[in-house]
Structures are given as C-alpha cells and as structure tokens.
S.K.: 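Input: one structure, supplied below.
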There are 2 protein chains.
Amino acid sequence: MRKGEKTRERLMDIAESSVLAKGFSATSIDEIIAEAEITKSGFFYHFKDKNELAQALLERYVERENVLLDDLFKKAADLHDDPLHIFLIGLKLFADLMADMPKGHPGCLVATYCYHERLYDAKVIELNRQAVLNWRNRFSKAFQDICDRYPPRDDVSVEALADMVSNTVEGAIVMSKALKEPKVMVDQILLLRSYIKLLFQPVPG
Amino acid sequence: MRKGEKTRERLMDIAESSVLAKGFSATSIDEIIAEAEITKSGFFYHFKDKNELAQALLERYVERENVLLDDLFKKAADLHDDPLHIFLIGLKLFADLMADMPKGHPGCLVATYCYHERLYDAKVIELNRQAVLNWRNRFSKAFQDICDRYPPRDDVSVEALADMVSNTVEGAIVMSKALKEPKVMVDQILLLRSYIKLLFQPVPG
DNA sequence: TGAATACTTGACTGAAAGTACGGTTTTTCA
DNA sequence: TGAAAAACCGTACTTTCAGTCAAGTATTCA
C-alpha cells in the first residue's frame, strides 16, 4: 500500500467513526485533520470536497460488508449443504460475530445516509439505494433456494423475507444504540432465525 | 391555545421535518426562522438554545407516538378479546396506517438521536433510552398475556419479542427510506405478524 | 536521480451558526 | 379599557466551517 493510500484510509477511519457518532454535518474537516495530524490542504489533496469523502466512506463500507457476508455464508455452506440449514447456520454465525463486539455494532452508514438524504448529492443517494438492493438480491437468492425445497407455511414473498434480514440488523443497531444494550442485536438475529425455522422447517414426526 | 404556543408548535414542526431529512446539526436556526417568518430573537424566546429544541422535539414525538399506539391497540381490543388476536389485529391496523402514507413514514426521531449521540446532552440521551424502554414495556405486557394463554412454539423471551416490534418499525423506516419504497414498511410489519401467528397460533385440526 | 506523489505553510473568503441584550409591539385578562 | 405580561424585533458581535489559492518542501519509487 502506498503512503498516500494509508493516509487516506486513516482520514476515512476517523471520519467514519465521527459520522456514526455525530452525523455527517457535525463531522467537521477541522476536527478530522486535527485527529489525523495533517493540514487542511493535505485533506483536500485526498478529497476534493466533503461530498467526495461521503462517497468514499459509503463505498468502502458497502464493500467491507459484502466481503464479510460472503465470508460468513461461505463458512456456513462449508458446514452443510441444505439451503435452509446453511442459512440458519449463517444467521447463527452472524449472531456470534455480533456477540463478540463488546460495544455492539458501531453503526451502519447506509442508515445514517438515508436519514440525511438532503445532505448528499444524487449519486451518493443512488449508491446507498443500490447497496440495499444488493442485500435484497443476495438474500433473495438464498430464500429462493430454500423455498424450492421447503414450502413456506405462510404466504410470504422472497423479497420481503430478504429485506427482513437487513431490516432486522438495521433496526437492531438503532435499538441497541438507543438502549445501550448490545445484546439486543443478538436477540433480534436469533428471533429472525426462529421465524425462518418455524416458517420452513417441516414439523418433526 | 395561546399565541406563543402556536408559534412554538410551528417552529417545532419545521424543525422536526428538517431534522428527519438532514439531521440535527444540519438543521440551521436561520433556516427554521426563515420558514416560520420570525426573527432569530423570536426563536430564542421559545428555546434557550438548540439543545432545548432537541429535547422539546423528542418529548413531543414520544408523546404523540404513545397516543397513537394507545389508540391503535384500544381499537384492536374493541374488535376481539383474545390477547393474541388483539395483537394480530393491532399489527394489521398499524400496517394499514402505514399503507395510507403515500410518502411512507416520515422517520423516527429516536433513531436519528441515537445515531447522533455525541450531539446531545445526557438528559436527552436518557430521554431517548426511556422512550425505547417504554415501548419494550408496552409490548412485553401484550406478549406476556399471549404467552399465558398460548405456549410459544420456540424458546423466546417476551422482552426480545417486544423489542422485535420496535425493531421492525425502526428497521423498516431505514429500509424504505434508503430504497425509496414505502411499501417495505407494510411488508415488514406483515412478516412480523406472520411470525407471531406461527409462533403462537395452535396448529389447526 | 528525477519525476511523481504526498504533503506543508499560511493567508484568505464568504457564509452560516450561535449568543447577547435592550427595545418594541401585541396579547391577555382583570 | 388599560396595564402587566407575553411575544417578538433589531442589531451587533464571536466562532466555526467549508473551501480556495499559490508556492514551496519532503518522500517515494522506478
């Protein structure tokens, strides 16, 4: 990694945690450069303006999330070959991952961006939308595979089910932040898992 | 209502919609007073500073939400006297309410506040926490009543179930905002309803 | 070693945020 | 109806913030 990239990453790290804690507009450039020990001109060498920073932050965040999810469900797929069980294992692994974060999930940039719509330009808003559509796509495929093998016990659409996964996580971030109880995230993921089980798993016997 | 209260309400209306669209710190007092056609001094007559505005906004929001929920579940209770069915009807009524909002839910102040923790003073943060605890309490009672009559088909806690209601709504606000699809909210509430049904409803026959 | 790359220095602008306080009008209610 | 209380105005001031500009220096890598 070149030196410039390293600095850029550091600036983004500082910015990201500030954005998640205070919001984008309360995150001042002066504050970022003070913490990064760099000059203002140095900052603008890397990002032509604040919006470009916003975009870079979102792109990096979405990229990382995707890698994490790919990884997680690949691990799950190594442990089983039934689509339903793969998904249930994947959710369990995800819950474990969240349980290992003592301070809980740091927050989702997608959520902060959607609540600050009027702050960003059209491109960033669209990027944000695509990120969520991407999640929908990912989980839709998984649920389609499950539906193909197990008839659901209720009339539900795969898209809505797919959204339910993202929905649970986004909601749980808000809840656990507001309550200061990281545990909420784990509980909610396990409740989602409970639903998937009840919805698809054949009654024993 | 005195004239001052009317002005105060108007200021809060403008502020609230701006906070939900841009976040608190991007909501400038100059902008609020311009839209309200009042001077800056006029604004500070009503709120001693921005934090007091934040607190007033949250208090009013939580109050209104509680009235709405009281109303909704009272209506549901008028239509049935079984706790499970009351809850299922309540969720359906809530879904209908959301479906009637053409632009979707305007956004939840509790969610924006929890993502901007570092902006508010301790009192406001605690108020926010109490609001969520209040929801937990409300729904916990409902689920306890249901559990007393119907044994759940999975090992779940009433608190986690209660949180799932708020969780679903908070998550759905984020999802529908990011996707620009208000329909997501309705779908997610109905999925929650589906879960409650599968979890508690006895198998027919 | 030399040309990119990655910054620093420092001064500056224009806009907006928030504070302070005395003065003025408008309501309200007795 | 009139005086006190409530509601609001004018204005001046301090900070902060995003962003610009020109010119220079240090670092890195090919």
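The analysis underlying the following values was restricted to heavy atoms, covering all of them including side chains, and did not include hydrogens, waters or symmetry mates. First the proteins, then the strands, lettered A, B, ... as listed; each starts at 1. Remember, predicted model here, so these are calculated numbers, not experimental data.
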S.K.: Give me the residues of residues 42-61 of chain B where at least one heavy atom lies under 4.0 Å from an atom of DNA chain C, by number, or none.
M.R.: B:F44, B:D49, B:K50

S.K.: In this structure, how many angstroms lie between the P atom of C:dG18 and the CD1 atom of B:I29, rounded?
M.R.: 4 Å

S.K.: Figure out the CD1/P separation between B:I33 and D:dA7, and round it to whole Å.
M.R.: 18 Å

S.K.: For A:S41 and A:F24, take the nucleotide of DNA chain D holding the closest heavy atom to each; which residue's nucleotide lies nearer the 5' end?
M.R.: A:F24

S.K.: Take the angle between the ring planes of A:H85 and A:H80 and call it parallel below 30°, perpendicular above 60°, tilted in between.
M.R.: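 Aromatic pair A:H85/A:H80 classed parallel.
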
S.K.: Strictly below 4.0 Å, heavy-atom distances to any atom of DNA chain D: list the hits from residues 116-125 of chain A, or just say none.
M.R.: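 Within this stretch, nothing sits under 4.0 Å of the strand.
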
S.K.: For B:Q130, look at atom CD and say whether over 12 heavy atoms of other residues, nucleotides or ligands are found less than 6.0 Å away.
M.R.: yes

S.K.: Distance check needed: D:dA18 C1' versus A:I32 CD1, whole Å only.
M.R.: 11 Å

S.K.: Would you say B:S194 and A:Y195 are linked by a side-chain donor-acceptor pair, where the criterion is simply a distance under 3.5 Å?
M.R.: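 Note: A:Y195 and B:S194 side chains meet the donor-acceptor criterion.
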
S.K.: Would you kindly give the NZ-to-C1' distance between A:K40 and D:dC17, to the nearest whole Å?
M.R.: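 Interatomic distance, NZ of A:K40 to C1' of D:dC17: 6 Å.
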
S.K.: Strictly by side-chain hydrogen bond (donor to acceptor under 3.5 Å, both in side chains), give each pair with a member in residues 89-110 of chain B just once, sequence neighbours left out.
M.R.: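 Of all non-adjacent pairs touching residues 89-110 of chain B, those that pass side-chain hydrogen bond (donor to acceptor under 3.5 Å, both in side chains) are B:K92-B:D96.
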
S.K.: Taking the minimum atom-to-atom distance to the side chain of A:K3, which one of D:dA7, C:dT8, C:dC7 wins?
M.R.: C:dC7

S.K.: Taking the six-membered ring for Trp and the single ring otherwise, decide whether the centroids of B:Y120 and B:F24 are under 6.0 Å apart.
M.R.: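 Judged by ring-centre distance (under 6.0 Å), B:Y120 and B:F24 do meet the cut-off.
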
S.K.: For the CG atom on A:D155, are there more than 12 heavy atoms of other groups (residues, nucleotides or ligands in this structure) within a distance under 6.0 Å?
M.R.: no

S.K.: Just how far, in rounded Å, is C1' of C:dC7 from CD of A:E37?
M.R.: 15 Å

S.K.: Write down the distance between CZ (A:R8) and P (C:dT5), rounded to a whole number of angstrom.
M.R.: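 In whole Å, C:dT5 P lies 15 Å from A:R8 CZ.
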
S.K.: Mind checking if A:T39 touches a base, just sugar-phosphate, or nothing, with heavy atoms under 4.0 Å?
M.R.: base

S.K.: Is it true that atom CD of B:E31 has more than 12 heavy atoms of other residues, nucleotides or ligands lying nearer than 6.0 Å?
M.R.: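 Buried by this count: over 12 neighbours within 6.0 Å.
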
S.K.: With distance as the sole criterion, is a donor-acceptor pair present between the side chains of A:Y150 and A:D82 under 3.5 Å?
M.R.: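 Yes, a side-chain donor-acceptor pair sits under 3.5 Å.
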
S.K.: Starting at atom NZ of A:K6, determine the distance to atom C1' of C:dC7, rounded to an integer number of angstrom.
M.R.: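 Answer to the nearest Å: 15 Å.
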
S.K.: Would you compute the distance between atom CG of B:L192 and atom CG of B:L161 and round it to the nearest 0.5 angstrom?
M.R.: 8.5 Å

S.K.: Could you tell me the separation between the CG atom of B:D30 and the P atom of D:dC17, rounded to a whole number of Å?
M.R.: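 The answer, rounded to whole Å, is 16 Å.
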
